[in-house]
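Below: the structure, in structure tokens.
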Amino acid sequence: MRGFLASSIGVTCAAALAVPLTPPAAAATSAPPPTTERAARAEAYAPGGTQSLPLAPLTRDRAPGAAAQGLPRRDVRHFSLVGVVWDDPGTELRGRVEVRTRATATGTWSPWQELETHNAEHSADPGTAESASRRVRGATAPLWVGESDGVEVRVRAESGPETARAAAPLPGGMRLELVDPGKGAPPVTAPEPEEGPRTTTTSAGSPASAEAVAASAANAGLAPLGATEIPALSQAETEAELGAGQQTKPYVGARPSITTRHGWGADEGLREKGFVYTKKVKAAFVHHSATGNNYRCSQASSVIRSIYRYHVRSTGWRDLGYNFLVDKCGNIYEGRAGGVSKAVLGAHTLGFNSNSMGIAVLGTYSDRKPSSAAVKAIARLTAWKLGIYGMNPDGKTYLKSGGGNLYRKGKNVRLNVISGHRDGFATNCPGKLLYGKLDTSRAKAARYQGR
């Protein structure tokens, strides 16, 4: 997304607190027995999938890179999220991508909806193993359309300053990706122990969520049933969780409830098994997912499963790009695996993924205000996570650029500890109206830390 560049069409990025666990006494009177709950979850689970359909020229010009490509209206298997990918991640799609979809429930077709075409700045830093992977593709931001069974798409290149003949060629190998998020959480498997120090790439280990689920149940006095939230921990508990070698500072906000990866139904077989860490978390970059606002909070887990599958299967990343996600009801979700309290290297802000975390608010906030619950959730999450690493959320810090369109590689850049994506890259993300609320999140987070 090159939202502030002269040639850009305006960009959005492609980053509420979960209800705490029910106390044991209440659970005994209202919840089904553990075995019943496990059985119900197992019956409800259905794996997701992706349909990948090649685009074809829409004009008589059949040459590669034709200025108009797409798919005519057609019936397809059920899906809920749509995006367009192409072969070379270094090639920009300079043009307009529009889709129409048919709702499964009503059989009616939507109006044309536009996808954000510039999405490269949501990716791993240049020169990293994840960025250099041959699996990585160029991609638009994904769009959540709800359960659908029909689709039509058109992609038109930008016209040049004089005539349509001067239009930039479209990228090669464009494909339409239709993502089915599936249903429910996959069955829990026995975790393997995590290996290696936190500040380096580690060997294969268990999903952080499996470890977190057990800790969550133990803290609540419950048997581990694949719980969906991580309850707030005291500062002493947080320090104990960090372990030897990481010194906490005096100002650490209370740990908010966080829906784990298992809670939102992550299929851990999709991602790479190893975890990659940096030394600390000095800053948080706030994003919007650019997936649109047409979702209910009860659908947030489905939206996240769809984004996860799109990031891994369609764009070729090692895992979900964001470290955390927040829905419009203020619920917080664990993103990239590796441990919610740890400095997990993400792929959210090109050039500034190291020593930072990415928080994506589900939705598009260029023209719509974010909810107060989402703004508050950002504050509570950053007060806790940044506090672990001794950072003042209402302060400034320095990060070294890994390379991008605002700062050359190696430049030491002074940034807000809570920054918007646009502060590290020339983009519209996280949308004008969410970006305008970051001062509120900064002030609230500092208060939550007791400053």
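Quick caveat: nothing in here was measured; it's all calculated off a predicted structure.
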- Can you spot which of Lys342, Lys385, Met391 makes a side chain to side chain contact (heavy atoms under 4.5 Å, CB included) with Val281?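 Going through the options one by one, the only one that passes is Lys385.
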
Sorted by chain and number, sequence neighbours left out, salt bridge (Lys or Arg N to Asp or Glu O under 4.0 Å) with Glu152 holds for Arg73, Arg100

With sequence neighbours left out, the residues meeting salt bridge (Lys or Arg N to Asp or Glu O under 4.0 Å) with Arg336 are Glu130

- Say whether Tyr308 and Arg313, considering side chains only, have a donor N or O and an acceptor N or O under 3.5 Å apart.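 Tyr308 vs Arg313: no donor-acceptor pair found between side chains.
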
Assess, by modelled atom type and distance only, whether the side chains of Asn428 and Ser366 contain a donor and an acceptor separated by less than 3.5 Å.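 The criterion, which ignores hydrogens and geometry beyond distance, is satisfied for Ser366 and Asn428.
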
Exercise. Run the side chain to side chain contact (heavy atoms under 4.5 Å, CB included) check on Val151 and Arg74 step by step: do they pass?
Worked result: CA-CA 6 Å; Val151 69; Arg74 65 167 62 185; 4.2 Å; yes

Contacts of Ala383 meeting side-chain contact (heavy atoms from CB on, under 4.5 Å) (sequence neighbours excluded), chain-then-number -> Ala445, Tyr448, Gln449

Contacts of Val136 meeting side-chain contact (heavy atoms from CB on, under 4.5 Å) (sequence neighbours excluded), chain-then-number -> Pro89, Ser133, Trp317

Side-chain ([X]) to main-chain ([Y]) donor-acceptor, under 3.5 angstrom:
X	Y	result
Arg414	Thr397	no
Asn412	Tyr398	no
Ser302	Ala300	no
Tyr310	Leu81	no
Asp319	Ala337	yes
Thr349	Phe352	no
His287	Pro430	no
Asn353	His348	yes
Arg175	Ser52	yes
Ser110	Thr101	yes

Could you check whether any side-chain heavy atom of [X] comes within less than 4.5 Å of a side-chain heavy atom of [Y], counting everything from C-beta outward?
X	Y	value
Lys396	Val417	no
Trp86	Thr140	yes
Val344	Val276	no
Val99	Leu115	yes
Leu71	Leu53	yes
Leu362	Leu325	yes
Arg305	Arg261	no
Glu268	Leu270	no

* Run the numbers on Gln51 and Val76 for side chain to side chain contact (heavy atoms under 4.5 Å, CB included), then give the verdict. => CA-CA 9 Å; Gln51 303 170 69; Val76 292; 3.6 Å; yes

If you take all heavy atoms of [X] and [Y], which pair is closest and at what distance?
X	Y	result
Trp144	Ser306	CZ3-OG, 3.6 Å
Trp264	Leu320	CZ2-CD2, 4.3 Å
Asp149	His78	CB-CD2, 3.7 Å
Gln113	Leu143	CB-CD2, 3.8 Å

With a cut-off of 3.5 Å and sequence neighbours excluded, list every side-chain donor-acceptor pair involving residues 432-441.
{"residue": "Tyr435", "atom": "OH", "partner": "Asp423", "partner atom": "OD1", "Å": "2.6"}
{"residue": "Asp439", "atom": "OD1", "partner": "Arg442", "partner atom": "NH1", "Å": "2.5"}
{"residue": "Ser441", "atom": "OG", "partner": "Val375", "partner atom": "O", "Å": "3.0"}

Margin query: Once you measure the plane-to-plane angle for Tyr277 and Phe275, does it fall in the parallel (<30°), tilted (30-60°) or perpendicular (>60°) bin?
Written below: perpendicular

For Arg271 and Arg318, what are the C-alpha separation, side-chain angles and deciding distance, and is it a side chain to side chain contact (heavy atoms under 4.5 Å, CB included)? CA-CA 6 Å; Arg271 65 172 177 84; Arg318 69 189 313 274; over 6 Å; no

Taking everything shown except Asp367 itself, do over 12 heavy atoms lie less than 6.0 Å from its CG?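 No, not enclosed.
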
Asn294 atom CG, over 12 foreign heavy atoms within 6.0 Å = no

* Would you call Arg102 and Glu147 a salt bridge, using N to O less than 4.0 angstrom? -> no

Exercise. Decide, yes or no, whether a salt bridge links Lys444 with Asp394 under the criterion of side-chain N to carboxylate O below 4.0 Å.
Key: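 No, Lys444 and Asp394 are not salt-bridged.
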
Next on the checklist: Could you go through Ile378 and Val361, starting from their C-alpha distance and side-chain angles, then the distance that decides it, and tell me whether this counts as side chain to side chain contact (heavy atoms under 4.5 Å, CB included)?
Outcome noted: CA-CA 9 Å; Ile378 294 169; Val361 181; 3.8 Å; yes

Here the disulfide (SG to SG under 2.5 Å) pairs for residues 78-112, sequence neighbours left out, are none

